There are 2 protein chains.
Amino acid sequence: MTDPALERALKALASARRLQILEWLKDPVGHFPPQEHGDPIEHGACNMYITDKLGVSQPAASRHMKVLLDAGLVIATPRAGYVYYRRNESAIDRLKEDVADV
Amino acid sequence: MTDPALERALKALASARRLQILEWLKDPVGHFPPQEHGDPIEHGACNMYITDKLGVSQPAASRHMKVLLDAGLVIATPRAGYVYYRRNESAIDRLKEDVADV
DNA sequence: CACCTGAATAACGAGTTAGTTATAGAGATA
DNA sequence: TATCTCTATAACTAACTCGTTATTCAGGTG
């Protein structure tokens, strides 16, 4: 019947906070301070900056990132004690195709 | 920031039941029994048939339809004591465009 | 007008989400 | 090894979702 992965991805999207995060991750350099360790283009934005910008507690931000991660919409790269997040464009494209069939 | 209408539409979509309903409404004639009063093409499917096919209680089905209606994704037509539902294709298309920008 | 039927609402319970603070865990550095 | 910092998890609360049954509302029919 309906793909459970699609439902999970839609639930992940159906949040202003998480839509905002994905929007920021389109352009990490433009939306976050310069970061020393991870390349913002290759590995994405540092989780600390995302947390700060979200304006919620660190655990709340952590859970939002986990929802996006579990839905496959972002990719996490741990590096030098930090975690960097970037968009999973192929998964996002797949979701867009599925929505286009609605 | 993020459009509240987009969030509402995504929340409406993020349900296997409601995705299923929208799928059925693509082809009312193919998915529901013939109905005497409302033209299935013009006005959509009779709410009773949707309720039956969903396999949940009448109030549960009623709430699902209300979520879709409040999100603007379907159009309701009361007629001869029944309510007929059809897809709001222009709203659905708008949603698809918004998702394409994610 | 009275009745009948379909749809909507009320009221409840279980499960989930989203926030909090506090704590544990893991990795890098000194 | 010891420490320090960032991330993840635990525990709790408030609010929302989704199902139920019971009831009310409203239109159409006799």
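Letters go in sequence order (proteins before strands), and every chain restarts at 1. Everything quoted here is computed from the prediction, not taken from an experiment. Values below: all heavy atoms of this structure, side chains included; hydrogens, waters and symmetry mates excluded.
- When heavy atoms are screened at a 4.0 angstrom cut-off, B:M65 is found touching no nucleic acid atom at all.
- Residues B:L10 and A:L13 share a closest heavy-atom pair of CD1-O, 3.8 Å.
- For the pair B:L73 and B:A12, the tightest heavy-atom approach, listed with the atom from each and the gap, is CD1-CB, 4.1 Å.
- Among residues at least two apart or in separate chains, side chain to side chain donor-acceptor pair (under 3.5 Å) pairs with a member in residues 54-69 of chain A are A:R18-A:H64, A:K66-A:D70.
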| request: Let me see the working for B:Q20 and B:E23 under side chain to side chain contact (heavy atoms under 4.5 Å, CB included), right down to the final yes or no. | output: CA-CA 5 Å; B:Q20 176 70 85; B:E23 189 65 28; 4.2 Å; yes

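- Taking atom CZ on A:R79 and atom P on C:dA26, their separation rounds to 21 Å, with Å as the unit.
- Distance, A:I50 CD1 to D:dA8 C1': 15 Å, rounded to whole Å.
- Whole-Å rounding puts the B:L68 CG to D:dT17 C1' distance at 14 Å.
- Between A:Y84 atom OH and C:dA28 atom P there is a gap of 12 Å when expressed in whole angstrom units.
- Which of D:dT7, D:dC18, C:dA8 sits closest to the side chain of B:R18 comes down to D:dC18.
- With rounding to whole Å, A:L19 atom CG is found 12 Å from C:dA18 atom P.
- Remark: C1' of D:dC16 and CG of B:D70 are 15 Å apart, rounded to the nearest angstrom.
- Residues passing the salt bridge (Lys or Arg N to Asp or Glu O under 4.0 Å) test with A:K53, sequence neighbours excluded: none.
- For the segment residues 56-63 of chain B, the set of residues with a heavy atom within less than 4.0 Å of an atom of DNA chain D comprises B:V56, B:S57, B:P59, B:A60, B:R63, in numerical order.
- B:D52 has its CG atom 12 Å from the C1' atom of C:dG6, to the nearest Å.
- Interface residues of residues 5-17 of chain A facing DNA chain D, ordered by number: none; criterion, heavy-atom separation under 4.0 Å.
- Straight-line distance from the CG atom of B:N47 to the P atom of C:dG6: 11 Å, rounded to whole Å.
- Distances shown here put a side-chain N or O of A:H64 below 4.0 Å from the OP1 or OP2 atom of C:dG19.
- Applying the side chain to side chain donor-acceptor pair (under 3.5 Å) test to residues at least two apart or on different chains, none of the pairs has a partner in residues 91-102 of chain B.
- Closest non-hydrogen pair, B:Y49 versus B:P34, comes out as OH-O, 3.5 Å.
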| message | Before you tell me yes or no, could you show the steps for B:M65 and B:I50 under side chain to side chain contact (heavy atoms under 4.5 Å, CB included), namely the whole-Å CA-CA distance, both residues' side-chain angles and the distance that decides it to 0.1 Å? | response | CA-CA 9 Å; B:M65 296 317 296; B:I50 300 173; 4.1 Å; yes

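- Under the rule for a side chain to side chain contact (heavy atoms under 4.5 Å, CB included), the partners of A:V83 that lie at least two apart in sequence or sit in another chain are A:N47, A:A76, A:Y85.
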